Engineer: 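Here it is, the structure in full.
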Amino acid sequence: MSRFLQPDIDHDLLQAGQEAVKQNLQGLIHLLQAYPPFDRMHSDNLQALLSRGALAFYAKDTAILSPDDGVSQHVHIIRQGSVAVYPQQPVVAPVVSTSATDSVADTPNISTQIPPPLTELPPVVPSTVSEAYLGPGDMFALDALLKEKAVKRFYVADEDVFCIIIDKSDFLDILKRSEPLRLFAFRGVSSLFGQIYEQARQTAYEQSSPSISLNAKLAGLVQRPAVRCHPSIVVHEAVALMHREAVTSIVISRHPQGKPEGIFTLRDLRRIVASDVTALQGPMGAVMTEQPICLGENASAFEATMLMAQHHIGHICVMDGETLKGVISERDVFALQRVDLVQLSRQLRYATDKQQLIETRDDIPALVTMMLAHGASASQLMDVVTQLNDHTSSRAIELCLRDHPHIDFDFNWMLFGSEGRGEQTLFSDQDNAMLFEADGPDQAEARRTQLLPLAKEINQLLDACGLAWCKGNIMASNPELCLSLQEWQDKFSQLMNNPSPRHLLESSIYFDLRHLWGEGDAFEQFRAFLRQECVTHTRFQRALARVAVLNKPPAVDHLRSILGATLGTRTSVDLKYQGINPFVNGVRVLALTIGCQDSNTHARIQFLRRKGVFSSADARGYSQAFNYLQLLRMQQHQEQRVTDQPFSNHVEPSRLDPIDNRMLRESLRQARQLQTMIKLRYRI
């Protein structure tokens, strides 16, 4: 360990380090103001913090901190260089001299530890592979200092490093004064997500003028108590009451303070007038919509908007427990966006022809921009895009089916990949298939012959709607993906019994399946079969795990990326294949192993947390990292769309601001940590 951190500190060295800070104090302040959380600290507090520190130097491969050092008494801030973080003590190889002028430099020799035999989900064994690299502006030993414990990791100079060392008492004194520093200290990297979304909203604000947040509570949207009536009241009397009160809905219940039994809206009135005007003389209980959809008053405007879009309704009852607080209408949430989700969903789901369906899709990018401006998270945006794509696909099937009246049997439209997971962005391609029932191979072939032309028309229409034609031909128009229930079961049985890496690499997205259209009985049989097969085939699980760790997330070093940009050798990260996919693939294999039926990555993470596979901290870290990478990808696609550039998932770390660069590094570190866990569980 560095002498600076030993109990017998060299006071001359300490004094020299403190003097070095004082002589370059303004330069250090200017340097750190580019990094969080120092960028939000008051300049007086930042100056006070640094003025109490000392500059320390660590040569390459020097161990800076380890759990053996005891309770942490200092915080380290990296001024220059890179620090590697190891979960176990790395072994440094001795210098091997080959001649007087030729020697091999000290290099870390990472030892390996064989995990215990695989049962269902064996405990994780820590890895000695470096799990993170810290660069300028990064702090370490902060958590240990606050908890009055030793650090849990080994911090080693990956190259020559200069650190600003601040004593515990001095750091805690500044911590009391500085809110940004305190927030970061107790919430860590998670506290940066607020800044990330603030920046995203600021960019979207340039193209919009939002009025309220999508995260607003419904209690704040309720303008007045609900208008009520008894189910026995005559319809025209209830309508007269609605007119007097100037409302678009009336709640029906037998007791004045009772839970809603039904709801009647102006849309219901139009339906009655158009179909059976005599119903106006009948009781409200005969024409009301029973069991109206309700949400708690602490639910968000986003949740209400999504329910309205999903069920094609215009009103939702807001409840405080069993008490009705009021009713909100689509008008109340229209202010959230110029292009509103409810109306757009309805237009897509009930488009009268193919051209209208195609033209309506043009409003989706503007809606996404507006929702981002109103504070929507990456997961919320993916929910919205997925739901709009679902409406588009369902209507496309129905419109194309009109031209095929000879198809008189049921079939199911299934979704794979990002469609199946419900994690689509604006520029996702198609991944779909057909499933039908058949009595034997002959009938299966006959029905496939009828379905394939329909499937091709649907895929072509979806392509025209902006859901791109899949280059890998993972579409229902592919005869290999238009199969009977028995054929699908045989296909997956063969895949799991002979899980070659190539086949799994090509077909792993098949395990992210979801039902979209059709009766669904055959699909449920297929999903139950698939769940059982995945749990029992341990050889398949290990093969799928190997595929999950193929794309290794890079270790992004901020200083090196900047240096590379200066020298003209820019490095880039593929956000999809090196960032997002490691989470998708890793979480998938763990979820399938223990019989999780959810296909969504966030839902799978929470399932694994509840089953004890992930700790709460790991589950939170994985979700946040996955969310951030998706947000960064969406932002880049939006920028590319606005500037008419070709769409790309590649991002150059050197062009990111310090917060984004920090978050990218942390997210990729989380992905590497997940892959390490999988390697050890499945002895890869």
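The chain is numbered in sequence order, starting from 1. Note that the structure is predicted; figures quoted are calculated from it, not measured.
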Engineer: Given L462, which of N389, T392, I358, L357 fulfils the side chain to side chain contact (heavy atoms under 4.5 Å, CB included) condition?
Structural biologist: T392
Engineer: Consider only side-chain N and O atoms of Q670 and E666, and report whether a donor and an acceptor are under 3.5 Å apart.
Structural biologist: yes
Engineer: When the ring centroid of F436 is compared with that of F523, is the distance short of 6.0 Å?
Structural biologist: no
Engineer: Do H602 and E423 pass the side-chain hydrogen bond (donor to acceptor under 3.5 Å, both in side chains) test, and can you show the C-alpha distance, the side-chain angles, and the key distance before you say yes or no?
Structural biologist: CA-CA 10 Å; H602 280 298; E423 295 166 0; over 6 Å; no
Engineer: Using distance alone, with no hydrogens and no angle criterion, decide if Q673 and R669 have a side-chain donor and acceptor under 3.5 Å apart.
Structural biologist: yes
Engineer: Are any side-chain N or O atoms of Q636 and backbone N or O atoms of S648, one a donor and one an acceptor, separated by less than 3.5 Å?
Structural biologist: yes
Engineer: Measure from the side-chain N and O atoms of D429 to the backbone N and O of W469, and report whether any donor-acceptor pair falls under 3.5 Å.
Structural biologist: no
Engineer: If the plane angle is over 60° it's perpendicular, under 30° parallel, otherwise tilted; pick one for Y622 and F614.
Structural biologist: perpendicular
Engineer: Verify the neighbour count for atom NZ of K456: are there more than 12 heavy atoms of other residues, nucleotides or ligands below 6.0 Å?
Structural biologist: no
Engineer: Shortest non-hydrogen contact from A351 to R395?
Structural biologist: O-NE, 2.8 Å
Engineer: Hey, can you pull the donor-acceptor pairs under 3.5 Å for the side chains in residues 578-587, sequence neighbours left out?
Structural biologist:
{"unit_1": "Q578", "atom_1": "OE1", "unit_2": "D574", "atom_2": "N", "d": "2.8"}
{"unit_1": "N585", "atom_1": "OD1", "unit_2": "R588", "atom_2": "NH1", "d": "2.9"}
{"unit_1": "N585", "atom_1": "ND2", "unit_2": "N581", "atom_2": "O", "d": "3.3"}

Engineer: Return all side-chain donor-acceptor pairs below 3.5 angstrom for residues 529-537, not counting sequence neighbours, or 'none' if the list is empty.
Structural biologist:
{"unit_1": "R531", "atom_1": "NE", "unit_2": "G595", "atom_2": "O", "d": "2.9"}
{"unit_1": "R531", "atom_1": "NH2", "unit_2": "G595", "atom_2": "O", "d": "3.4"}
{"unit_1": "T536", "atom_1": "OG1", "unit_2": "Q532", "atom_2": "O", "d": "3.1"}
{"unit_1": "T536", "atom_1": "OG1", "unit_2": "E533", "atom_2": "O", "d": "3.2"}
{"unit_1": "H537", "atom_1": "ND1", "unit_2": "E533", "atom_2": "O", "d": "3.0"}
{"unit_1": "H537", "atom_1": "NE2", "unit_2": "N497", "atom_2": "OD1", "d": "2.9"}

Engineer: Looking at Q494, I want to see if its CD is surrounded by more than 12 non-hydrogen atoms of other residues, nucleotides or ligands under 6.0 Å.
Structural biologist: no
Engineer: Decide whether D463 and Q430 meet the rule of one side-chain donor and one side-chain acceptor closer than 3.5 Å.
Structural biologist: no
Engineer: Please state whether the rings of H312 and H391 are parallel, tilted or perpendicular, taking 30° and 60° as the class boundaries.
Structural biologist: tilted
Engineer: Should the pair Y510 and F492 be assigned to parallel (<30°), tilted (30 to 60°) or perpendicular (>60°) ring geometry?
Structural biologist: tilted
Engineer: Checking the side chain of E524 only, and the main-chain atoms of G520 only, is there a donor and an acceptor separated by less than 3.5 Å?
Structural biologist: no
Engineer: Report the residue from T386, N432, L516, D512 that forms a side chain to side chain contact (heavy atoms under 4.5 Å, CB included) with E419.
Structural biologist: N432
Engineer: Inspect the surroundings of CD in E519 and state if more than 12 heavy atoms from other residues, nucleotides or ligands are less than 6.0 Å away.
Structural biologist: no
Engineer: Could you check whether Q675 and R672, counting side-chain N and O atoms only, form a donor-acceptor pair closer than 3.5 Å?
Structural biologist: no
Engineer: Return yes when atom OH of Y577 has more than 12 non-hydrogen atoms of other residues, nucleotides or ligands closer than 6.0 Å, and no otherwise.
Structural biologist: no
Engineer: Can a donor-acceptor pair be found, under 3.5 Å and without considering hydrogens, that links the side chain of D598 to the backbone of N600?
Structural biologist: no
Engineer: For residues Q645 and T643, is any side-chain donor paired with an opposing acceptor at under 3.5 Å?
Structural biologist: yes
Engineer: Do any N or O atoms from the side chain of S667 and from the backbone of L629 form a donor-acceptor pair under 3.5 angstrom?
Structural biologist: no
